[in-house]
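Written below as structure tokens is the structure these notes are about.
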Amino acid sequence: MENQLQTILDDIKTGQRMSEEEALGLLRVRDRQVWEIAAVADEVRERRVGNAVTYVRNQNINVTNLCVNTCGFCGFSKKPGDDGIYFHDKSEIQKKASLAKKREVTEICTVSGLHPDFNAKSYCDVYRWIHEAAPGIHLHASNPMEVAYAAKKTHMSTHEVLVAMKEAGLGSMCGTAAEILVDSVREKICAQKVSTDEWVRIIKEAHALGIPTTATIMYGHCESDEDRVRHLSILREIQDETHGFTELVPLSFIHMNTPLYRAGIARAGATGREDLLMVAVSRLFLDNFKNIQVSWVKEGIKMAQLGLIAGANDLGGTMFEESISKGAGAINTDYLDPAEMQRVAEDIGRTLKRRTTLYETL
Ligand code: SF4
């Protein structure tokens, strides 16, 4: 593999596109060559987006944790009759949104559980309430699952739902609900969710309507290396066609409180080697993505910092409120002070820069 690895890395440096088979080989490296891959990914990052480490001031409003789905990796959702159910009404949502505005947050995210009573109007109402309370804020909300759910509940097409959401103030959509875009894996971890084809179709519909989205991959549960590469390949194909992805956010599986882990179907999350290689290989494979984000919520700030010297350029958001990863057992997910982000960035000789959701400098 040593010579082969060197050839792949040399080819990438000259701008050649990596094949799925080559990406697979890289993901399987287990020794000190991990550092060589990370170093080339770091070089590519520098060439593509420069040396700034970016972040956004954002706040999550998880409207409800009541959800009709039962995804095996989710430690956040509740069923009717469970303890700890919450639902934020208009006044609570607006209170949180105006507090966000006071905190100089520029982005509010609202992905939530699929409430049994929600339809397209419910989502649009939430967006309008937020804009009323926090004018000028960028709304980063929904995802292909919510769009499909709203469409089903309202007897509309997903395209019509997206048009309505955009009119209600949706600025960009979350590329979550992707998990792993391989149906045999989805069957095991989130059988009620949109299929791979539906996810791809809704994302393309959003991009065609001028709604940019993030892209995500949730790894470290029961997927294989081949599944990870297939997933990245689907994202690269979409990006070639639409250029609508703002960034990739690799999401390391948080296993502790999840049914999937308790049932012995998933392993206890990715290792440090896998976290590092996921960032590096994503940077190298996704030659049409500008931004690779490291999630301090999923990986912790120390691992996130290492990701920044392995191909990532973005630290994500300050997250003034986060319930989903906390529900699954992650700790310290509520807020990351930009001063700490700056410490981490400066420690590796880089400068921290604030950005908007769409990566404009602030
Ligand atoms: S991941 Fe989302 S859709 Fe699945 S159970 Fe949790 S809240 Fe519901």
Side-chain angles (χ1 to χ4, degrees), residues 60-88 93 108-120 122-123 126 140-154 158 161 165 170 173-183 185-200 202-203 206 213-223 231 249-263 265-266 269 295 297-298 319 321-330 333:
N60 266 16
I61 302 180
N62 299 123
V63 180
T64 180
N65 57 357
L66 198 56
C67 185
V68 297
N69 274 5
T70 48
C71 302
F73 58 83
C74 182
F76 162 76
S77 69
K78 302 276 181 198
K79 294 279 154 266
D82 284 353
D83 288 337
I85 291 172
Y86 67 79
F87 174 77
H88 298 314
I93 289 170
I108 290 181
C109 319
T110 66
V111 177
S112 298
L114 304 169
H115 192 285
D117 299 333
F118 271 17
N119 57 25
S122 323
Y123 289 103
V126 169
H140 180 64
S142 201
N143 65 30
M145 182 66 237
E146 288 191 353
V147 171
Y149 182 66
K152 187 171 145 213
K153 293 292 294 288
T154 324
T158 49
V161 168
M165 285 178 166
L170 179 70
M173 189 168 79
C174 308
T176 45
E179 327 310 357
I180 289 286
L181 293 168
V182 172
D183 285 334
V185 179
R186 299 178 80 72
E187 282 295 311
K188 282 191 219 153
I189 66 170
C190 56
Q192 299 142 310
K193 268 202 176 145
V194 285
S195 66
T196 299
D197 285 352
E198 279 175 287
W199 190 91
V200 170
I202 295 167
I203 287 285
T213 74
T214 53
T216 61
I217 175 169
M218 190 188 67
Y219 63 96
H221 39 90
C222 54
E223 84 292 355
H231 181 107
V249 192
L251 300 170
S252 202
F253 174 54
I254 306 285
H255 66 286
M256 290 77 124
N257 299 336
T258 65
L260 211 56
Y261 178 66
R262 290 209 198 105
I265 299 166
S295 169
V297 175
K298 303 287 186 192
M319 293 280 202
E321 188 175 298
E322 206 280 339
S323 320
I324 291 176
S325 299
K326 195 171 8 181
T333 65

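Read the numbers this way: they start at 1 and go in the same order the structure lists the ligands and their atoms. Fair warning: this is a prediction, and the values are worked out from it, not measured in the lab.
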Subject >> Phe253-His221 aromatic ring centre distance below 6.0 Å >> reply: yes
In this structure, atom 1 (S) of ligand 1 is nearest to the protein heavy atom Lys193 NZ, 3.5 Å
Verify, without hydrogens or angle tests, whether Lys79 (side chain) and Asn69 (backbone) share a donor-acceptor contact under 3.5 angstrom. yes
Run the side chain to side chain donor-acceptor pair (under 3.5 Å) check on Asp183 and Thr196 step by step: do they pass? CA-CA 6 Å; Asp183 285 334; Thr196 299; 2.8 Å; yes
From the list Lys193, Arg186, Lys188, salt bridge (charged side-chain N to carboxylate O under 4.0 Å, His left out) partner of Glu179 resolves to Lys193
- Is the shortest distance from a heavy atom of Gln192 to ligand 1 less than 4.0 Å? no
Audit row: His115, Ser122, side chain to side chain contact (heavy atoms under 4.5 Å, CB included) steps and yes/no
CA-CA 10 Å; His115 192 285; Ser122 323; over 6 Å; no
Sequence neighbours excluded, the answer for ring pair (Phe, Tyr, Trp, His ring centres under 6.0 Å) partners of His255 is Tyr261
Check your understanding: Does any N or O in the side chain of Ser252 come within less than 3.5 Å of the main-chain N or O of Pro250, such that one atom is a donor and the other an acceptor?
Key -> no
Protein-derived N, O or S atoms sitting under 2.8 Å away from atom 8 (Fe) of ligand 1 total 1
